[in-house]
Amino acid sequence: MSQAPVPNPPADPEIPPHRYTAAVAGRIEQSWQDRWAAEGTFAAPNPVGDLSEGFAERAQARPKLFVNDMFPYPSGEGLHVGHPLGYIGTDVYSRYMRMLGHNVLHTMGFDAFGLPAEQFAVQTGQHPRVTTEQNIVAIRRQLRRLGLDHDIRRSVSTMDPGYYKWTQWIFKQIFCSFYDEAADAARPVEALVSELDAGTREPRPETNPYGMPWSELSAQQRNSVVDAHRLAYVSQAPVNWCPGLGTVLSNEEVTADGRSERGNFPVFRRPLKQWKMRITAYAERLLADLDALEWPESIKLMQRNWIGRSIGATISFTSASSTGRGPSIEVFTTRPDTLFGATYLVLAPEHALVEELTAEEWPDGIAESWRSHAESPAAAVAAYQKSSSRRSELERQADQRVKSGVFLGRYATNPATGEEIPIFIADYVLTGYGTGAIMAVPGQDERDWEFAEAYDLSIVRTVAPPDGFEGKAFTGEGPAINSASDRLDLNGMGVSDAKAAMISWLVEEGHGQARTTYRLHDWLFSRQRYWGEPFPIVYPVDGEDVDRPIAVPDNALPVLLPDVEDYSPRTFPDDDVTSEPEAPLARATDWLTVEMDLGDGLRTYRRETNTMPNWAGSCWYELRYLDPHNDSAFCDPEIEKYWMGPREDGDAGGVDLYVGGAEHAVLHLLYARFWHKVLFDLGHVSSSEPFRRLVNQGMLQAPAYTDARGMYVDASAVASRGGGFFYDDAAVRQEFGKIGKSLKNMITPDDMFADYGADTFRLYEMFTGPLDQSRPWDPKAVIGMLRLLQRLWRLVIDEQTGEVRVGEQPADAASLPVLHRVVDGVRAGMESLRFNIAIARITELVNHATQAYAARPVPRSMAEPLVLLIAPLAPHIAEELWSRLGHAESLARTDFPVADPRHLVDEMVEIAVQVNGKLRGSVGVLAGADASAMEMTARQDPNVRAHLGDAEVRRVISVPGKLVNFVLG
RNA sequence: GCCCCCGUAGCCCAAUGGCAGAGGCAGGCCCCUUAAAAGGGCUCCAGUGUGGGUUCGAGUCCCACCGGGGGCACCA
């Protein structure tokens, strides 16, 4: 497609007929996009399977590279100029790497399930699938117009049954697995059952409440023990219930102030029966494997904080009851060394032992404040439990630090001191962390100190604070004090020695053991929404195993999402704590019950009516790009190994470059790692991590304008005059903010295509700063990149005639160092994803060539490398010029220019001469000059001489090619 | 409160510990134009947030503080 020179119908007769304008750019760009699509330029062959055509010739001998963006949610508003930042970044990098000889796969898909589509459907009465499909079409068009080098054969959409079939299949894999601590890996549940049957394994204690060995359990009891081992399981536990959204949410979806991340509705903790994923089994590996990943440190840190490992011990306290011994209470502490200072125990209000530990009546002689103005401990406990469950997280937040609690009327024995200490419940102890119970050590813990002050509890320091310490609790390092009994003496030890000594004593005496806990909780996986993946789960409606969750067989996948009359989730007033979740799928009455033969004859089953959370589809999509049409596996193992497998021993494997926003630090990125590790354990993938290298693109902010009333005005209608900004002749104030409707500063890629063309837009996005940095988007600055392309165009094409104007003569000697320095700099910018410096280098070369060859043709030996240098950044104009320079093939796989080292060093260099570190002169020396030659030359500079005078030169620092510094004595 | 990142010209940003400026926008001047600008050329503009320290030499390394952004927050 060596197009006839584009006829340029000049709207303005004064513009040269063949100038590179937005209109010309638009025609060139669309014709190249057509050609790339027709020729399959960016099709990356797989080693085997339906996409393997061309592998031998195009890929086999080359290194591979898999580049991936976080795929977009196809919202009805389309893309604004902020979205493509990362997409363009990966595009430039992948085009560059392709020119370096890699078999590059760059992909894009759609995260199609989600709440907005459902809400839009409710408003318009259109099926969410219909509106989502329309949005996908619109966004596909925008992405194509950007000229991205995606292998479009591999586009995926999470809402397609052919896709979510495999989401459901992976769910089944997780459901049908348990975590084998000994192997430190997930294994199939069948293996668990056969080991239990063979007697080579006992159930994990917490899974077997029956107090009998496996061999003596009934069939139903065995089922419940097995189900309690599964990595996906149903549990009745306090969860985040959001009445305003009508659904439960995962911890990751709740903000620090107890509201939903989406919609900002209050969230309440309520015990509900819900699906969870045992991500906590992977806590240690999710933590440890972060080290080897090439991820931003900030994201690694956020994941480490979220996983929140604490190393400490569990300690058992024996309680006393009116009849003698009561139940023992297990607490978790990171400071076992302070046990001698534990003067009371606190349980979370929801703790399972609270009822059993509540005394009949108040013991004699206790302070009124401990009675909570209640007649009996049971009444006080009931009132307190009620009030704390009613409070939203937000309210708990608001009275943070005001400690309250209730005495249970019972005491426990401190195993170190033998003393009786009172047992309280208080909501500053959280059910979900550790054991849900603590030993309170006011001397070394600020929270415990506050509570102790409020309830007049005794305080014993067990770590000596430094002299002059005037604070309350002392949490720092110091020697142990008050920590000795006739059986154990910690006094004088530092904190870590004391911890170790205490733990070994506890273990010896049977009072406790070392233990590590995590802040990470199991992932709440069910949602009461319509627009998501149905679970591949059914429940028998009768029989002995009634209500037991059972996975449907693989041949029944996908479990299709049924149509319903009403897609809307049942929502409630924001603060309706007592409301109950209600899944929209429960309304699909025909779908709800199903007759199946799952091995014991035809029976009736009820389907699971919850759907999966929005994150499910994005937990594994990078794998589906690799083998998108495979109907017998989510991905052929050989193909996975080729694109994502480890490169050498110790390498985790994964996507070679993954780019997306930092807002997914602990949501998508943690969930996806978890799923990937399960698939790895079960032998389905060879990589142990999904994303080897991660880069967060920055956020773009655009100018927004407020009028005198403080209202936002349409930013596109604001004019700037004489340093001020005006809207309808009224002065307005400029600020920068998130692009969108609310600030009325929406700028779309379509505006940019129309005004400048895609190449200028791409250049501008990449030019304003490093990829990972947030920066303002200044619509007025885009013109600079168009000017650059116009100058480039003019170097190759005569604006009057449209003829190619390059010459065949060699380049000037003075041009070669410039060219090669620029090549070197552009490569450096491409490698480091700092495309802004690559563009600056290219601009230098364009400016140099424009000046040096103002009156004569630019040599082909300069023009061609220049075109190739800019090709990853501005691919359309580069292809067009390359074609006009006489090349029939696309430049997509042409070798990227290489800098010749001989031209990187000048013969003569200017070096700085300093005296005592101050610049005193500048002299020219031969580039290869050694230290003494540089010094000799430097001493001849008159100004340097004057400064040296007669003083003694104590030392001379010579940096070759840079400077000489005389240090005087 | 704790943790992380960032402060260079009017603005966006460059500068392996070695002469603070590569590139762009805006401003000014000139050329081309009847005129204009989304053409061409030239040009003004900071001593690197503040205060210490290390070093022959600090934008760069270390410490403290100030300002901006982000994360976590009763996690025992």
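Every chain is numbered from 1, with letters handed out A, B, ... down the list of sequences.
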Spacing of the [atom1] atoms in [M] and [N] (rounded, Å):
N     : M     : atom1 : answer
B/G68 : B/C62 : P     : 23 Å
B/U50 : B/C66 : P     : 15 Å
B/U48 : B/G67 : C1'   : 15 Å
B/G39 : B/C25 : P     : 9 Å
B/C45 : B/U8  : C1'   : 13 Å
B/C63 : B/C44 : C1'   : 39 Å
B/C42 : B/G24 : P     : 10 Å
B/G49 : B/G40 : P     : 34 Å

Original post:
Got a sec, which residues hit side chain to side chain donor-acceptor pair (under 3.5 Å) with A/Q303, two or more places apart in sequence or on another chain?
Top reply: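 For A/Q303, the residues satisfying side chain to side chain donor-acceptor pair (under 3.5 Å) (neighbours in sequence not counted) are A/R673.
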**OP:** For A/W449, check side chain to side chain donor-acceptor pair (under 3.5 Å) against everything at least two apart and list the hits.
**Re:**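 Checked A/W449 against side chain to side chain donor-acceptor pair (under 3.5 Å); matches are A/E453.
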So, using salt bridge (Lys or Arg N to Asp or Glu O under 4.0 Å) as the criterion, who are the partners of [X] when residues are at least two apart?
X      : answer
A/R841 : A/E844
A/D337 : A/R335
A/R794 : A/E799

Original post:
Quick one: do the A/E350 and A/T431 side chains pair a donor with an acceptor below 3.5 Å?
Top reply: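 Note: A/E350 and A/T431 side chains meet the donor-acceptor criterion.
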Original post:
Are side-chain N/O atoms of A/T462 and A/Q444 paired as donor and acceptor at under 3.5 Å?
Top reply: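 Looking only at side-chain atoms, A/Q444 and A/T462 do form a donor-acceptor pair, the distance falling under 3.5 Å.
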Original post:
Is A/R841 side chain donor-acceptor paired with the B/A22 base, going by distance under 3.5 Å alone?
Top reply: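 For A/R841, whose side chain was compared with the base of B/A22, there is a donor-acceptor pair (under 3.5 Å).
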Round to a whole Å and report the spacing from [atom1] of [X] to [atom2] of [N].
X      : N     : atom1 : atom2 : answer
A/K300 : B/G71 : NZ    : P     : 20 Å
A/N916 : B/G57 : CG    : P     : 8 Å
A/K780 : B/C12 : NZ    : C1'   : 13 Å
A/M752 : B/A38 : CE    : C1'   : 13 Å
A/E844 : B/G24 : CD    : P     : 9 Å
A/I837 : B/C12 : CD1   : P     : 19 Å
A/L788 : B/C13 : CG    : P     : 19 Å
A/R775 : B/A14 : CZ    : C1'   : 14 Å

Taking only side-chain nitrogens and oxygens of [X], does any of them come within less than 4.0 Å of OP1 or OP2 of [N]?
X      : N     : result
A/R519 : B/A73 : yes
A/N836 : B/A14 : yes
A/R834 : B/A15 : yes

Original post:
So what does A/A781 hit on the nucleic acid, given a heavy-atom distance under 4.0 Å: a base, only sugar-phosphate, or nothing?
Top reply: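 Sugar-phosphate contact only - A/A781 comes under 4.0 Å of backbone atoms but never of a base.
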Subject >> 5' precedence on RNA chain B between A/I839 and A/D448 (nearest-nucleotide basis) >> reply: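 This one resolves to A/I839.
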**OP:** Would you please indicate yes or no on a ring centroid separation below 6.0 angstrom for A/F424 and A/Y455?
**Re:**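 Yes, ring centres under 6.0 Å apart.
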**OP:** Flag this pair as yes if the NZ/CZ of A/K403 is under 6.0 angstrom from the six-membered ring centre of A/F451 and inside a 45 degree cone about the axis; otherwise no.
**Re:**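 No, A/K403 and A/F451 do not form such a contact.
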Subject >> Row check, A/W306 ring normal vs A/R519 NZ/CZ: under 6.0 Å, within 45° >> reply: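 Output yes; distance and angle both within limits.
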Original post:
For RNA chain B, what residues of residues 304-312 of chain A have any heavy atom nearer than 4.0 Å?
Top reply: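 Here the set is A/S310.
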Original post:
Residues from residues 758-774 of chain A sitting under 4.0 Å of RNA chain B, heavy atoms only?
Top reply: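 Of all residues in residues 758-774 of chain A, the ones placing a heavy atom under 4.0 Å from RNA chain B are A/F767, A/T768, A/P770, A/Q773, A/S774.
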With a 3.5 Å cut-off and sequence neighbours excluded, list the donor-acceptor pairs that the side chains of residues 952-964 of chain A form with protein atoms.
none

Subject >> Anti versus syn assignment for B/G10, with syn defined as within 90° of 0 >> reply: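 Here the answer is anti: the torsion falls beyond 90° from 0.
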Subject >> Protein-to-nucleotide contact annotation, 5' to 3' order, nucleotides 39-45 of chain B [B base; S sugar-phosphate only; - none; under 4.0 Å, heavy atom] >> reply: SSSS---
Do any side-chain atoms of residues 308-315 of chain A form donor-acceptor pairs under 3.5 angstrom with protein atoms, and if so which ones, sequence neighbours left out?
residue: A/R309; atom: NH1; partner: A/E284; partner atom: OE1; Å: 3.4
residue: A/R309; atom: NH1; partner: A/E284; partner atom: OE2; Å: 2.4
residue: A/S310; atom: OG; partner: A/Y433; partner atom: OH; Å: 2.4

Which nucleotide, in any strand shown, forms a Watson-Crick or G-U wobble pair with [N], with both distances under 3.5 Å?
N     : answer
B/C25 : B/G10
B/U16 : none
B/G39 : B/C31
B/G1  : B/C72
B/A64 : B/U50

Original post:
Salt bridge or not for A/K472 and A/D445, using N-O below 4.0 Å?
Top reply: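 No, A/K472 and A/D445 are not salt-bridged.
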Original post:
Is A/E935 salt-bridged to A/R939, going by a charged N under 4.0 Å from an acidic O?
Top reply: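 Answer for the salt bridge query: yes.
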Original post:
Name the one of A/N847, A/T843, A/T850 that satisfies side chain to side chain donor-acceptor pair (under 3.5 Å) with A/R791?
Top reply: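 For A/R791, the side chain to side chain donor-acceptor pair (under 3.5 Å) check succeeds only for A/N847.
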Original post:
Quick one: which of B/G24, B/C4, B/C74 gets closest to the side chain of A/Y428?
Top reply: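 Shortest atom-to-atom distance from the side chain points to B/C74.
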Original post:
Quick one: which of B/G71, B/A76, B/A22 gets closest to the side chain of A/M302?
Top reply: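 Among the listed nucleotides, the one closest to the side chain of A/M302 is B/G71.
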Contact list (N/O, under 3.5 angstrom) for nucleotides 16-20 of chain B vs protein:
residue: B/G18; atom: N2; partner: A/Q914; partner atom: OE1; Å: 3.3
residue: B/G18; atom: N2; partner: A/N965; partner atom: ND2; Å: 3.4
residue: B/C19; atom: N4; partner: A/E910; partner atom: O; Å: 3.1

Original post:
Are A/I438 and A/Y428 close enough, and set up right, to give a side chain to side chain contact (heavy atoms under 4.5 Å, CB included), and what steps lead you there?
Top reply: CA-CA 10 Å; A/I438 61 154; A/Y428 82 93; 3.8 Å; yes
Subject >> Full working for side chain to side chain contact (heavy atoms under 4.5 Å, CB included) between A/Y764 and A/D778 >> reply: CA-CA 10 Å; A/Y764 179 70; A/D778 182 359; 3.7 Å; yes
Original post:
Okay, side chain of A/K499, backbone of A/P336: is any donor-acceptor separation there less than 3.5 Å?
Top reply: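 No; zero donor-acceptor contacts below 3.5 Å.
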Original post:
Where is the tightest heavy-atom contact between A/Y20 and A/A25, given as atom of each residue plus distance?
Top reply: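 What the structure gives for the nearest pair is OH-CB, 3.4 Å.
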Write down the protein N/O and nucleotide N/O pairs, taken from nucleotides 58-63 of chain B, whose separation is under 3.5 Å; answer none if there are no such pairs.
none

